[in-house]
Amino acid sequence: MSEPLFNSAVTVCIKCTGHDDRTSSVRVQLEIQTASSPLQRKELNVRLTDDADPFFLFNLMLGEDDFQSLKVQQGLLVDFTAFPQKLIELLQRCAEEQSKDAPKFVLQLIRSEPLSHGLAELCIVETNPFKHLTHLALKLQPGGDADVKKYLASCLKRLQGDHNNLSQRLKLTESTLSGQLQESQKALSARTRELESLRSEWSAHTDSLNAKHKQEIAEIKQNALQTQRDMEQRYEQEKKQMEDMRQQRSSELQSRLADLQTANKELTDRKYRLESSVRELKGKLTTLEEDYQRAQHELQALRQQRGSLESDQRSREQTLSQQQTRIAVMQQEVRDKEALLAKSNQLMESANEQKAKLEESIQHKNSLVAKLESTVKSTSQEVMKGNEIIKKLQGELKASLAKLKLKNTVTGKQEKLLEERNQTLRALQQDADGLKTKSQQLENENDRMRETLESTRTKLEESRQLLKTNENVINWLNKQVNEAQMSKRHGMFEVPTSTVAYRPQGVPAAVSSSRPWPMSSTHLTNTMSTIPQSTPMGYNSSTASAPSTSKRSEPALDPKYLQHPSQHHSQPPGQHPSQHPSQHPGQYPTASARDGGPLQKSGPVPLQLSSTPMAPTAPAPSVPPLMSAYFPPQLKGTT
């Protein structure tokens, strides 16, 4: 079984000892042959033949074992399966380069004379200016008489098969063509018969038509002669009438000619006048064209100006739409921040609850640790008692052994007593071992409880840090919301720049000194508590008046925002600091109080500040910080 891989004529340079080098077209054939006996193996068959010389034959049967030796000798890097494809690529390169003047790849066949004493060598050589590099060299066996006969027989067999195929195809084409020829001949005979019948019919028809036409022509000639005579007579009469009419017409034309000459003179005069008027109109036309061009230039300039104005209008409309969208986005951001503030309040409450739960769990763990430490102490005391008992028993054992040495003649009762004591000793030893294991277990459990305590403490610290970060985020959000609301209510609760500056504890001066209104109640309380006692800061209902030097009205503060933190925590736990029975948020002093007049008694409780400084107390962790739309909570470090 053979599989042809390559079959093409390639130009080969044949070198023979004792002869000149020559080039010839040699057919190179590559086939894969599979041998089934004794073992199934594949062999590569390389065959060189010449179409002009039937006795030119070189063969090479390359098996896998032979290829391994060839691979080792020539340093090949491919396997036997990939070798045929690489060889085909090299042969194709040689075929591509053979038409060039200086081919880069050359196929050489080196053989010796006589052929029967040596092998031919097929070399694939790459040429360059420095060296001729041989990529592959294959040893080919020249074909003997049997090989040549076998090759010629295969060629003859192949040619006979081709001849048989061609003869069969020729017979088929002859049969089809003969059938088509017969059919065409039959159709031709039918068409000739039809043509003969048509010709006979056409000849009869033409004869009848000729006779009919001759009769018609004779009749037409007679009619034509008669009409000719009539026309001649009529012509003579009309000729006489036309001569009379011509004479009358000529006289009329002469009179008309004289009229036309006079009219011609008038028209020439009119023409000259019109030409002069045309020249004047042309001058006017040129001036009008210049005016028209000037007007067109002005129109183009106006159109350009209109385009620039339209582009400006579009840009302004775009900026207007962008501003409108920006306003809408800002409004949406304000709404989102309000929603985020509500969520952050909820998170704050949940964090406080979680904090309380964690503190309870820590207390519970501490009580468990105390109990475990007490049990460890009791077990250690029991272990010490057991060790003392063991020591006593060991002393007794030593005494008994001494007595045993002294009294060798002790009775069986003493032996029984010794065995009983040994059993009690073993039992006590086992009890001591059990107590040791129990103490070790308790120590391990104590270590585990300590680890859990440390982990809970770290979690508590993380939750505190998270709580602080949440408070900072809430403070920042309150500040942003307050600034947005104050920007909307511009001037509604604006405080003049001459108000008292304050800085909460733990906040840098750069932050607290520039903090705008509104401020938290604890900030204002801490600030007011640092004022000396000699400064009159109190107000009452009879003498309260606004400073005369202030020209701008300041907002009145609700007293609930100026209370000391201790007052907030002294309220019942269910009542919020803002829910005071005698105070109503939103009520402010009347215009007379702001303008310097006395306060009315029907208004809210007046603003009063104590003359003695109040020491701020730390608020309880369970009470949430005071928050309001106008008074945000404290910054980090003020709690």
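The shown structure was predicted, so the numbers you read here are calculated from the model rather than taken from an experiment.
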Practice problem: Check step by step if salt bridge (Lys or Arg N to Asp or Glu O under 4.0 Å) holds for Arg306 and Glu310. | Solution: CA-CA 6 Å; Arg306 188 185 69 179; Glu310 287 179 354; 3.8 Å; yes

Could you tell me which non-hydrogen atom of [X] sits nearest to which non-hydrogen atom of [Y], and how far apart they are?
| X | Y | result |
| --- | --- | --- |
| Phe80 | Leu44 | CZ-N, 4.2 Å |
| Thr452 | Ser455 | O-OG, 2.6 Å |
| Ser308 | Ser311 | O-OG, 2.5 Å |
| Ser189 | Thr192 | O-OG1, 2.5 Å |

Quiz item: Hey, what's the ring geometry for Trp202 with His205, parallel, tilted or perpendicular (30° and 60° as the breaks)?
Solution: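 Aromatic pair Trp202/His205 classed tilted.
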
I want to check something: taking the side chain as every heavy atom from C-beta on, are [X] and [Y] in contact at a cut-off of under 4.5 Å?
| X | Y | result |
| --- | --- | --- |
| Val10 | Val26 | no |
| Leu467 | Met348 | yes |
| Gln74 | Leu136 | yes |
| Asp147 | Leu57 | yes |
| Ile124 | Leu107 | yes |
| Asp50 | Arg27 | no |
| Gln108 | Cys13 | yes |
| Gln215 | Lys212 | no |

Quiz item: Going by the salt bridge (Lys or Arg N to Asp or Glu O under 4.0 Å) test, which pairs reach into residues 184-198, not counting sequence neighbours?
Solution: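 Listed by first then second residue: Glu196-Arg199.
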
Is the backbone N or O of [Y] less than 3.5 Å from a side-chain atom of [X], with the two atoms forming a donor-acceptor pair by type?
| X | Y | answer |
| --- | --- | --- |
| Asn345 | Leu341 | yes |
| Thr127 | Pro103 | yes |
| Asp79 | Ala82 | no |
| Asn446 | Leu442 | no |

Quiz item: Among pairs that include at least one residue of residues 126-164, which meet ring pair (Phe, Tyr, Trp, His ring centres under 6.0 Å), considering only residues two or more places apart or in two chains?
Solution: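 Output for this query lists Phe105-His135.
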
Decide if atom [atom1] of [X] counts as having more than 12 heavy atoms of other residues, nucleotides or ligands within a radius under 6.0 Å.
| X | atom1 | value |
| --- | --- | --- |
| Asp162 | CG | yes |
| Asp65 | CG | no |
| Met61 | CE | yes |
| Lys438 | NZ | no |

Exercise. Evaluate the side-chain hydrogen bond (donor to acceptor under 3.5 Å, both in side chains) criterion for residues Gln332 and Asp336: first the C-alpha distance (whole Å), next the side-chain angles of each, then the deciding distance (0.1 Å), finally the verdict.
Key: CA-CA 6 Å; Gln332 184 63 31; Asp336 294 339; 3.2 Å; yes

Exercise. Go through the steps to decide whether Leu48 and Val28 satisfy the test side-chain contact (heavy atoms from CB on, under 4.5 Å), and finish with yes or no.
Key: CA-CA 5 Å; Leu48 299 181; Val28 181; 3.5 Å; yes

Do NZ/NE/NH1/NH2 and the carboxylate oxygens of [X] and [Y] come within less than 4.0 Å?
| X | Y | value |
| --- | --- | --- |
| Glu461 | Arg457 | no |
| Glu121 | Lys139 | yes |
| Glu97 | Lys100 | yes |

Quiz item: Do Asn164 and Gln160 get their side chains close enough for a donor-acceptor pair, meaning under 3.5 Å?
Solution: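 Note: Asn164 and Gln160 side chains miss the donor-acceptor criterion.
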
Quiz item: Taking atom types as modelled, is there a side-chain donor on Arg426 or Gln423 under 3.5 Å from an acceptor on the other?
Solution: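 There is no such pair (donor and acceptor under 3.5 Å, judged by atom type) between the side chains of Arg426 and Gln423.
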
Quiz item: Who are the side chain to side chain contact (heavy atoms under 4.5 Å, CB included) partners of Gln440, not counting sequence neighbours?
Solution: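 Expected list: Glu443, Asn444.
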
